[in-house]
Every structure is written in structure tokens, then in C-alpha cells.
Amino acid sequence: MASSKLIVYQIFTRLYSNRCQTRKPFGTIADNGCGKMNDYTPSLLKQIRGMGVTHVWYTGVIRHATTTDYTPYGIPRQHAAVVKGRAGSPYAIVDYYDVDPDLAVDVDKRLEEFDRLVNRTHRAGMKVVIDFVPNHVARQYHSIMKPRGVADLGEHDDTSHGFDPQNNFYYCPGQPFAPYFDLYHGEKDPYAEEPAKATGNDCFHNAPQQNDWYETVKLNYGVDYYAGRVGHFDPVPDTWHKMLDILLYWAGKGVDGFRCDMAEMVPAEFWAWATSQVKHQHPDIIFIGEVYNPGDYRRYVASGFDLLYDKVGMYDALIDVVCHRRDTQAISWAWQQTDDIRQHMLYFLENHDEQRLASDFVAGNAERALPALVVGALLQSSPFMVYGGQEWGERGMDAEGFSGRDGRSTIFDYWSMAAERENSISDYYRRLLSIARTSKAVCQGEMFDLMYVNQQYYRQYAFMRKSKNELLIVVANFDDIPVEMNLKVPSHAFDFLKLKEGTFNGTNLLTDSKMEIDLQRDREIPLSLAARQSLVLQIKL
């Protein structure tokens with residue numbers, strides 16, 4: 001059992017540290033600026049560490065397709081027709097062995113700047129996570145930084161076959177790329193690709209539509225989709241070797257973990273093969289999988305993933321409870337579905353794919369979502385993730401350019417977030433995450449869900465955590481009105497947590513206020529909570 005709780009802090013690297021407030025829709029990097037790796041100074045990293053963060057996930061580090069011209073530095077241009085936004089998606093990789101030049105102060109020394117960022121983060125007491133994007137690459141993928149002797153993706157493909165186990169891509173032989181949108185996109189010549197490659201979201205024809213991942217091409221791991229997803233894994237497909245080499249390259253540069261994009265679109269057989277080899281050389285490295293199908297969770301855990309997104313279960317439940325679309329019983333149902341693998345489930349309330357809590361599409365303001373933070377961070381001992389900006393109530397309500405006004409912080413445009421970053425919300429996050437990190441009851445203790453004997457409270461959620469002589473009673477009020485509760489503690493809780501009856505003095509760790517409670521089997525504890533308020537009562541037994 002972990003001695004402390006992992007807190008993952010996702011930073012969209014070019015957005016988070018950009019302080020330029022021009023924010024011109026469809027603006028260029030010259031218009032709107034861009035965050036740099038050098039912005040993450042020891043001082044800033046100390047502030048992040050002070051929030052309880054153990055792992056920083058730097059999103060968008062590897063070089064991806066962009067409309068910004070870096071040809072003076074020997075970096076090939078990307079055709080605008082196959083780039084989303086001016087800045088481009090960080091998940092349309094053009095060179096797995098390179099760093100995004102947007103993030104560098106000295107473009108020619110971008111890899112050295114990344115090395116120094118890793119070292120500064122380590123010195124600040126945190127570990128480094130980066131994206132590994134295994135399912136697809138940019139349409140114009142071409143590595144200029146690959147090590148000597150490494151063949152490029154697709155370099156030796158037989159393009160006369162739609163599928164070949166040793167090809168890196170899937171093809172549409174005899175058919176040019178012919179999507180349902182403009183192939184010029186302001187360029188002198190149209191984008192040309194023949195034969196067309198299959199598109200990243202499993203679109204195996206030559207005419208992807210606007211809502212497809214048209215800027216990417218699907219990687220071939222030996223699965224014949226044309227024949228009904230038949231796997232050809234012996235001999236080991238060439239793509240497996242190439243992707244393993246990429247993982248080992250970044251692990252060798254001091255990266256401590258990989259957040260694996262759309263991991264469920266890559267066969268579990270590959271993950272079992274690759275993670276075992278990476279961990280053999282780097283035993284402490286972690287793999288975080290973006291897997292949405294709960295039916296696949298256990299298969300991907302068995303394939304070497306340390307953590308999986310708990311999106312369809314806990315995230316969806318907490319967001320629905322915040323928005324009063326479901327009762328708090330949904331939270332109990334969510335944790336019960338993954339109780340056998342709970343140490344592998346990564347809870348979160350925001351990431352770059354999801355709408356901001358404070359947006360008009362979710363809670364409307366950050367305060368209304370704080371009960372979900374309390375439950376998400378304290379319910380289990382498993383890790384918790386925060387998305388940069390969440391902790392000061394970033395709203396994501398800008399129409400930035402390619403990204404419309406959708407409640408998300410853009411990953412496609414050059415942009416910046418709110419200038420004001422210190423407020424009561426950020427103070428609350430620091431305090432709450434400190435509890436999550438330092439309380440032995442949270443990090444090492446047992447959890448007891450109190451809701452099965454308190455079902456009359458459908459907009460409140462209550463549970464207990466205990467380790468040795470520390471007991472936490474956690475109650476979150478998701479309602480917009482105050483509530484007077486008589487919280488029943490069943491006899492089974494005393495047996496399961498090895499509690500003794502008695503009168504105890506407790507401290508609300510969120511406010512430092514004191515209160516006395518009488519803990520008795522099958523008795524009720526009277527509590528008063530204001531609207532959207534929570535209680536984290538610590539009792540020393």
C-alpha cells in the first residue's frame with residue numbers, strides 16, 4: 001500500500017505559462033504568445049509542489065503538426081489543410097523523437113531545454129509524465145531527430161496492401177486522400193496523399209469527414225481491421241519495435257511516466273509486451289492509460305498499466321451529481337464497479353478533453369464543484385489528477401479560433417488563461433490536496449461508505465476513512481441550500497473499521513474549527529452544512 005497519495009497535475013505546457021493577454025481569435029504565435037519550457041522556473045515548480053503535486057504531466061511536449069513555420073531551423077512545414085488550428089493538436093505527432101519548437105526559447109536547443117525542465121522538476125521533488133501517443137500520428141509524419149539507424153514510420157511499408165502485419169500504416173490502394181473539406185486551406189497547392197492512409201479514429205477509407213481525426217493516420221499494430229480485427233502478432237509487428245524504441249528513448253531522458261493516449265485503440269498484447277520491457281529497464285516508471293470502456297479495464301491493468309482513467313464511472317458520476325442530473329447514489333455505484341482494481345483507478349474532475357468545471361456547461365462557477373473535489377480526492381487511496389487552471393476556477397468560455405466557445409481550454413490554438421491565479425478556490429485546493437497527501441487515513445486507510453444507511457440524503461454524500469488512530473468523517477453537500485443532517489453510523493462500520501464507541505473531539509480540516517461528536521453504534525450524528533459545503537472531520541482515537 002502506498003505511503004502517500006499520488007497527485008498528478010496536468011499542465012498544457014504552451015498554454016499554462018503563457019501570460020500574453022492579447023487572445024486574438026485564430027491568432028498566430030506572434031499575436032498571442034506561447035508558454036515556454038523555461039517558464040517553469042524553480043520558483044513556479046515550488047508553488048506547484050506546494051499544492052501537494054507528486055507528478056507533473058507536461059502535455060504537448062513532443063513535436064506535433066503546426067502551421068507555424070520553422071523551416072529556418074530545418075524543421076519541415078506542415079500543410080495547413082491537415083492541421084487543426086494554428087497551433088495544431090498535440091496529438092498529431094510529426095516526430096516522436098523531437099520536442100515542440102513552440103516551447104523553446106532557443107529552437108536549436110529545444111531538446112536541451114527539455115532535459116533541463118526534467119531536471120528542474122526532479123529537483124523540485126516531483127516526477128515527470130509526458131504523453132505517449134501510440135494510436136495515430138500526423139498525416140505528414142517525418143522524423144528528423146530519430147537516432148542513427150532507426151527507420152522512419154512507413155519508410156519500408158508496402159503501400160500496395162491495405163493491410164500487412166509488418167506495415168506501420170493502413171492504406172487505401174489506388175485511392176487518393178479525398179476528404180470532405182478544402183484541401184488548399186490557404187496554401188498555394190492542395191494537400192496530396194496517394195494512396196490514402198487510414199485515419200486515426202479507425203476510419204479505413206480515403207474520405208474522412210470534418211469530425212473525423214482527419215489530421216492523423218492510424219498506426220498498424222498487426223490488427224487486420226479489414227478482416228474483422230484479426231491479430232497477427234507472431235512474428236512481432238514492426239510497429240511494436242518502433243514504439244518500444246520511442247518509449248525507451250524518453251525513459252532514458254529521465255521521464256518517469258507516460259500518459260498513453262487512447263490506449264484502448266491499441267491491442268492489449270502490445271502493451272503487455274512493451275510495458276514489461278520498459279519496466280525491466282526502468283522499474284519505477286508508470287503507465288497511465290486513457291481507456292474508456294469499463295469492460296476493458298482489467299485487461300489493460302493485466303497488460304501493465306499502473307493507472308487507468310476512471311471516466312465513464314467516477315468522473316461521469318461526480319459531474320452528474322454536481323449538475324443534479326443524478327443522486328449521490330451514483331457515486332457509490334461508481335466505486336463499487338471498480339473496487340477490485342481501485343488502486344489502479346485515476347480519479348479526476350478535469351482534463352484537456354473535458355469541459356471546465358466552472359464553465360457554463362458544467363457548474364457555472366468553481367465553488368459549486370468543490371464537494372466533488374472533496375469526494376474525488378478523499379474517497380479512495382488511489383491517485384487524483386488536477387488540470388492546470390482548475391484550481392483557480394478557469395472557465396474555458398472563450399471562442400479561441402479552431403476551438404469554439406465549448407467550455408474547454410483550447411488545445412488547437414495559441415491562447416492564454418486568466419491572469420488572476422490566486423483566490424479562495426486555489427487556497428481550498430491547496431488545503432484539500434494537502435489533506436489527501438498527508439492524512440494516513442486517506443493514503444493508507446480503509447474506506448467505509450455511509451450512504452446505504454443514509455439514503456434519505458440524495459444530494460449529500462458521506463463516508464469514513466480510518467488508519468490506526470486517525471478517523472476521518474467526510475460529508476459533502478451537493479445541494480444549493482443548507483442541510484441539517486442526522487448522519488447514522490451503522491454497527492457494521494464499527495466492526496469493519498475497528499472503532500470504539502465514545503465521545504470525541506474533532507477538527508474540521510477544511511476550516512480548523514472544533515466540534516465534539518458522540519460516536520455510538522447505530523446512532524445519529526447531527527450535522528449542519530451550508531450550500532455546497534463539505535466537512536472533513538479528523539478525530540484522533
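None of these values were measured; they are calculated from a predicted model.
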Aromatic ring proximity, centroids under 6.0 angstrom, H241 and W273 | yes
Please determine if K279 and D306 form a salt bridge, counting it only when a charged side-chain N lies under 4.0 Å from a carboxylate O.
-> yes
Salt-bridge criterion met for D339 and R342 (N-O under 4.0 Å) = yes
When you check the side-chain N and O atoms of Q460 and N477, is any donor under 3.5 Å from an acceptor?
-> yes
Is the ring centre of Y309 less than 6.0 Å from the ring centre of F348?
-> yes
Heavy-atom side-chain contact between V536 and L378 under 4.5 Å | yes
Is a side-chain N or O of T328 found less than 3.5 angstrom from the main chain of Y458, in a donor-acceptor match?
-> yes
Go through the structure and list residues passing side chain to side chain contact (heavy atoms under 4.5 Å, CB included) with T338, not counting sequence neighbours.
-> Y297, D310, I341, M345
Please lay out, stage by stage, how S332 and D449 fare under the test side chain to side chain donor-acceptor pair (under 3.5 Å).
-> CA-CA 7 Å; S332 296; D449 189 334; 2.5 Å; yes
Would you please say whether a donor-acceptor pair under 3.5 Å links the side chains of D327 and Q329?
-> no
Any salt bridge between K311 and D353, counting N to O under 4.0 Å?
-> no
Ion pair R356/D406, N-O distance below 4.0 Å | no
Salt bridge or not for D479 and R532, using N-O below 4.0 Å?
-> no
Presence of salt bridge, R299 and D296, under 4.0 angstrom | yes
Can you find a side-chain donor-acceptor pair between S381 and R465 that sits under 3.5 Å?
-> yes
Do D100 and K36 sit within salt-bridge range, that is, some charged N less than 4.0 Å from a carboxylate O?
-> no
Only one of M385, E391, Q390 clears side chain to side chain contact (heavy atoms under 4.5 Å, CB included) with Y387; which?
-> Q390
If a pair satisfies ring-ring contact (aromatic ring centres under 6.0 Å, His included) and one of its residues is in residues 471-518, list it, with sequence neighbours excluded.
-> F448-H492, F448-F496
Centroid-centroid under 6.0 Å between F233 and W240 rings | yes
Distance-only polar pair, side chains of S424 and D427, donor-acceptor under 3.5 Å = no
Salt-bridged, R259 to E290, with N to O below 4.0 Å?
-> yes
Please check if the distance between the ring centroids of F287 and F258 is under 6.0 Å.
-> yes
Y40/Y58 aromatic ring centres below 6.0 Å = yes
R298 with D340: basic N within carboxylate O range, under 4.0 Å | yes
Indicate yes or no: does K127 engage D256 in a salt bridge with an N to O separation below 4.0 Å.
-> no
Should I411 and P90 count as side-chain neighbours, where that means a heavy-atom distance under 4.5 Å?
-> yes
Taking atom types as modelled, find out whether D39 and S17 have a side-chain donor-acceptor pair closer than 3.5 angstrom.
-> yes
Side-chain heavy-atom pair I517, T503 within 4.5 angstrom cut-off = no
For residues 45-54, dump all side-chain donor-acceptor pairs below 3.5 Å to protein atoms at least two apart in sequence or in another chain.
from	atom 1	to	atom 2	distance (Å)
R49	NH1	V53	O	2.6
T54	OG1	I7	N	2.9
T54	OG1	I7	O	3.2

Validate the cation-pi geometry between R421 and Y16: distance from NZ or CZ to the six-membered ring centre under 6.0 Å, angle to the ring axis within 45°.
-> yes
Can you check whether L541 reaches L499 side chain to side chain, under 4.5 Å on heavy atoms?
-> yes
Side-chain heavy atoms of R395 within contact of D360, under 4.5 Å = yes
Is the shortest distance from a Lys or Arg side-chain nitrogen in E422 or R430 to a carboxylate oxygen in the other one below 4.0 Å?
-> yes
